[in-house]
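Since this is a predicted model, take the numbers as computed values, not measurements. Naming: A, B, ... by sequence-line order, numbering from 1 per chain.
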2 protein chains.
Amino acid sequence: MAKFVKAKNCSACPYRSYSLSKLKEKDVDLIQNSCLIVMFKRGENICKQGTEVTHALYLAKGSVKLYIEGKNKNLILKIINERKYIGLQSLFGGGIYNYTVTALEDVQVCMINANIILDLAKKNAEYLFELTKTLSDSTNFVYKKIFDINQKQLRGRLADVLLYFSEEIYKNSIFELKLNRRELAEFSAMSMENAVRILAEYRKDGIIELDGRKFTIKQPDILRKIGELG
Amino acid sequence: MAKFVKAKNCSACPYRSYSLSKLKEKDVDLIQNSCLIVMFKRGENICKQGTEVTHALYLAKGSVKLYIEGKNKNLILKIINERKYIGLQSLFGGGIYNYTVTALEDVQVCMINANIILDLAKKNAEYLFELTKTLSDSTNFVYKKIFDINQKQLRGRLADVLLYFSEEIYKNSIFELKLNRRELAEFSAMSMENAVRILAEYRKDGIIELDGRKFTIKQPDILRKIGELG
DNA sequence: TTAAAACATTGTTGTATATCAATATTTTAC
DNA sequence: GTAAAATATTGATATACAACAATGTTTTAA
């Protein structure tokens with residue numbers, strides 16, 4: 001298991017959640033007292049599909065993938081970046097994770113006893129409202145994903161994913177992807193071979209440049225067109 | 001547009017939401033004063049993909065389909081039954097519907113000004129907690145759906161859908177489906193022709209009996225096996 | 001009551017995509 | 001620094017599925 005330390009000063013933490021601003025000092029202390037900061041290395045599981053939800057998981061630092069494990073292939077639903085809660089719908093919903101979350105690099109995760117967060121949420125509407133907003137946004141994102149999978153074909157899906165990384169995640173036309181080819185494929189809902197093949201097509205057509213995991217988006221408008229056409 | 005009447009007595013309404021029990025009387029009155037009960041006929045849209053969220057939508061009576069509209073085909077994500085909110089993630093999230101909701105039969109929908117619900121939610125944690133729970137359950141359901149679409153093939157998906165209707169919705173091995181063949185296909189993420197074909201297979205194999213929209217599940221265990229194998 | 005429209009069914013064909021296979025390249029570990 | 005393992009790439013093959021087409025059946029409407 002990964003290393004961990006006790007949280008010392010959540011209020012002053014540079015990675016603290018915005019939602020903490022909605023809590024009174026004593027409630028932040030309540031969280032802090034229960035909070036363990038756990039360090040995970042790339043590839044380590046932060047939570048596992050099929051297991052019980054015992055803690056609220058807050059990603060303080062780093063990025064992780066949230067994916068559904070299947071028999072032969074996985075489907076990455078989203079990449080979660082620092083200063084975001086992981087899997088609020090499992091905390092408020094079922095009680096069993098129906099997905100696995102794995103570190104894409106070395107990350108710090110704050111683990112807080114689930115009941116402490118749930119109790120605070122039941123008492124503090126402003127705090128819960130913040131959490132519900134992010135939960136809703138996340139649900140909307142997944143709806144969009146489902147749409148893409150169902151309506152678009154390979155080229156359109158991959159184009160969308162590349163634009164997503166460039167514009168939403170790295171906010172740069174040049175970026176060093178944290179995913180390997182298999183993960184990029186699992187995020188685009190296709191086989192790894194086809195992801196590689198289509199990347200090669202885009203490179204030959206001068207739409208992107210490639211150097212391992214370093215991507216350069218040369219013609220975002222063409223990608224956008226491909227994504228729109230499906 | 002559909003007929004509507006003003007709400008008269010939400011507290012005593014047989015179709016009232018459980019979440020109302022978390023509100024004070026004056027807050028129920030607030031909702032009631034803003035609430036219009038709108039009657040939709042089968043096929044009428046209750047909300048439309050791409051439009052702005054102006055009201056909270058509560059399905060008092062009847063059942064509706066929530067689906068993503070694509071260029072050529074639609075994907076029904078879920079069937080919502082009476083006494084459930086419709087699309088809370090749009091209320092708390094984006095502000096634009098990224099799906100359309102259409103009546104499957106004659107339905108009654110309570111429309112309440114979005115800000116009234118949002119303001120109540122910001123002030124009343126217990127109330128919001130109820131809403132967040134149902135929102136989370138709904139998100140989990142959609143996650144399961146995405147998994148099915150991505151991992152299973154036609155026969156497995158249709159088997160799952162038939163079991164879902166039998167066991168979750170109608171709670172009976174005999175049921176009269178509210179969906180036509182096209183809608184059944186759109187809920188199972190396949191073409192209408194293939195849905196019909198596979199139904200015929202299942203009928204020939206004695207797994208189900210069919211008479212128009214009247215379904216009889218003869219061998220649920222076989223369906224379960226097919227669903228598990230994919 | 002009949003025409004028209006919507007819905008349902010079955011067979012055929014084409015294609016997008018996964019899978020298999022072989023090889024190349026990079027990373028890891030001792 | 002080399003072997004081994006993981007990752008990436010490219011080509012060939014197989015197939016699940018959508019799309020097309022033709023016909024039958026039920027519902028709607030005048």
- Task: Would you kindly give the NZ-to-C1' distance between B:K214 and C:dA8, to the nearest whole Å?
- Result: 19 Å
- Item | Proximal nucleotide (of D:dA8, D:dT10, C:dT10) relative to the B:R203 side chain | C:dT10
- Query: Can you tell me how far P of C:dT23 sits from CD of A:E193, to the nearest Å?
  - Reply: 16 Å
- Query: For A:R182 and D:dT9, what is the distance between atoms CZ and P respectively, to the nearest whole Å?
  - Reply: 13 Å
- Below 4.0 angstrom, N of the basic side chain to O of the carboxylate: do A:D160 and A:K152 qualify? yes
- Pick base, sugar-phosphate or nothing for A:M192, based on heavy-atom distances below 4.0 Å to the nucleic acid. base
- Without hydrogens or angle criteria, can the side chains of A:S138 and A:Y85 be said to hold a donor-acceptor pair below 3.5 Å? no
- Nearest-Å distance, NZ (B:K152) to P (D:dC17)? 13 Å
- Message: If you only use heavy atoms from C-beta on, which nucleotide in D:dT10, C:dC7, D:dA16 is closest to the side chain of B:Q153?
- Response: D:dA16
- Query: D:dT25 C1' sits how many Å from B:L210 CG, rounded?
  - Reply: 15 Å
- Query: Within the pair B:N194 and D:dC17, is there a side-chain N or O less than 4.0 Å away from OP1 or OP2?
  - Reply: no
- Nearest-nucleotide pick for B:M190, side chain only, options being C:dT10, C:dA21, D:dA18: D:dA18
- Message: Does D:dT9 have OP1 or OP2 under 4.0 Å away from a side-chain N or O of A:R181?
- Response: yes
- Task: Rounded to the nearest angstrom, tell me the gap between atom CG in B:L184 and atom P in C:dC7.
- Result: 14 Å
- Shortest side-chain distance from A:R197, nucleotide among D:dG11, C:dC7, C:dT17: D:dG11
- Spacing between A:K73 atom NZ and C:dC20 atom P, to the nearest angstrom: 13 Å
- Item | Nearest-neighbour nucleotide for the A:V196 side chain, C:dT17, D:dT10, C:dT10 considered | D:dT10
- Item | A:L75 CG - C:dA18 C1' separation (whole Å) | 15 Å
- Partners of B:E193 by salt bridge (charged side-chain N to carboxylate O under 4.0 Å, His left out), sequence neighbours excluded? none
- Message: Would you say the ring centers of A:F4 and A:F40 fall short of 6.0 Å from each other?
- Response: no
- Task: May I ask you to check whether B:Y143 and A:Y97 place their ring centers less than 6.0 Å from one another?
- Result: no
